[in-house]
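Order of listing sets the numbers, starting from 1, for every ligand and every atom in it.
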Amino acid sequence: MLDHLKANNRAWAARMLSRDPDFFARLERQQTPEYLWIGCSDSRVPATQIVDLDPGQIFVHRNVANLAPPQDANYLSVLQFAVDVLKVKHIIVVGHYGCGGVSAAVDGKRRGLVDHWLHPIREVRHEHVHELDAIADATARLDRLCELNVIRQVRNVASDIIVQSAWADAQSLAVHGWIYSLANGFVTDLGVTVSGPQDIARLG
Ligand code: CO
């Protein structure tokens, strides 16, 4: 079963060792990533590959539509471990254009549990309904909602008590919002970086 994946794994491990004989031994001792990635579960947006880093360099949390809901125990556990224990320097919320989760949030169809998960995106749309309704092209309108969703999640992360406490303790930590294009593989920085409590007001 899944023999091709097991063969891939052995070949990959051998390749990593040939490049760096100490690679696995070093990672086994300790992980010291500088980045926490909060991204979409979409198979086309794999964190480490997009920014061409190796295992051990990014702490990753992914869910449908890259949400950071303030009551989600899974996300909060990842955030706390990343900030308090790993002491990452950067948290990057990474959305992507053409996100199926964002689309499903606003297409009016009933799907079940996921409708509840996606509820925060409908709130984002509601908050920006005038700007969004002014965009005639449906794809462009959805892409803008993908961006607005990232900005909202940056605000959620930056206003969380875990991040606020880190700043109060003078820990170096910045929260960034990026969007990824499936069409060309490029990430774009949305320019909403928050490096301390003073920056949050800018996010609106
Ligand atoms: Co997505």
Side-chain angles (χ1 to χ4, degrees), residues 5 33 35-53 55 57-79 82 88 90-129 131-133 135-160 163 174-194 203-204:
L5 296 184
Y35 314 98
L36 165 61
W37 175 286
I38 299 173
C40 184
S41 297
D42 193 304
S43 65
R44 299 165 295 180
V45 196
T48 306
Q49 273 168 286
I50 284 174
V51 287
D52 199 21
L53 291 179
Q57 296 186 284
I58 311 186
F59 200 60
V60 176
H61 181 69
R62 291 168 68 183
N63 58 41
V64 174
N66 43 270
L67 297 179
Q71 285 87 25
D72 179 45
N74 185 357
Y75 147 69
L76 289 173
S77 302
V78 169
L79 181 66
V88 298
H90 301 275
I91 299 170
I92 316 169
V93 178
V94 187
H96 66 101
Y97 294 127
C99 182
V102 173
S103 171
V106 295
D107 69 4
K109 293 183 192 149
R110 289 287 302 272
R111 291 179 177 79
L113 180 61
V114 76
D115 295 325
H116 297 275
W117 174 253
L118 297 171
H119 180 80
I121 297 170
R122 286 192 291 280
E123 290 186 327
V124 172
R125 182 184 59 169
H126 185 70
E127 278 173 24
H128 299 272
V129 68
E131 176 189 348
L132 291 165
D133 282 353
I135 303 172
D137 180 67
T139 303
R141 190 163 57 241
L142 180 66
D143 285 350
R144 181 57 183 154
L145 182 56
C146 291
E147 294 179 351
L148 291 168
N149 179 46
V150 169
I151 295 167
R152 174 55 180 266
Q153 305 315 314
V154 167
R155 198 172 76 190
N156 282 0
V157 174
S159 59
D160 195 278
V163 171
V175 187
H176 311 263
W178 287 5
I179 191 117
Y180 175 77
S181 167
L182 298 170
N184 61 16
F186 291 171
V187 290
T188 301
D189 189 331
L190 290 171
V192 293
T193 296
V194 182
L203 298 179

Q: Measure the CG-CH2 distance between Asn66 and Trp37 for me, rounded to the nearest 0.5 Å.
A: 10.0 Å
Q: In terms of relative ring orientation, are His176 and His90 parallel, tilted or perpendicular, with 30° and 60° separating the classes?
A: tilted
Q: Among all residues two or more places apart in sequence or in another chain, which pass the side-chain contact (heavy atoms from CB on, under 4.5 Å) test with Ser77?
A: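 Residues passing side-chain contact (heavy atoms from CB on, under 4.5 Å) with Ser77: none at all.
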Q: Can you list every pair that meets ring-ring contact (aromatic ring centres under 6.0 Å, His included) and has a residue in residues 102-126, with sequence neighbours left out?
A: none
Q: Please indicate how many protein N/O/S atoms are found closer than 2.8 Å to the Co ion (ligand 1), with waters neither displayed nor included.
A: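 For the Co ion (ligand 1), the figure is 3.
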Q: Residues in salt bridge (charged side-chain N to carboxylate O under 4.0 Å, His left out) with Arg111, at least two apart?
A: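 If we apply the salt bridge (charged side-chain N to carboxylate O under 4.0 Å, His left out) test to Arg111, skipping adjacent residues, the hits are Asp107.
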Q: Of Glu147, Arg152, Gln153, which meets side chain to side chain donor-acceptor pair (under 3.5 Å) against Asn149?
A: Gln153
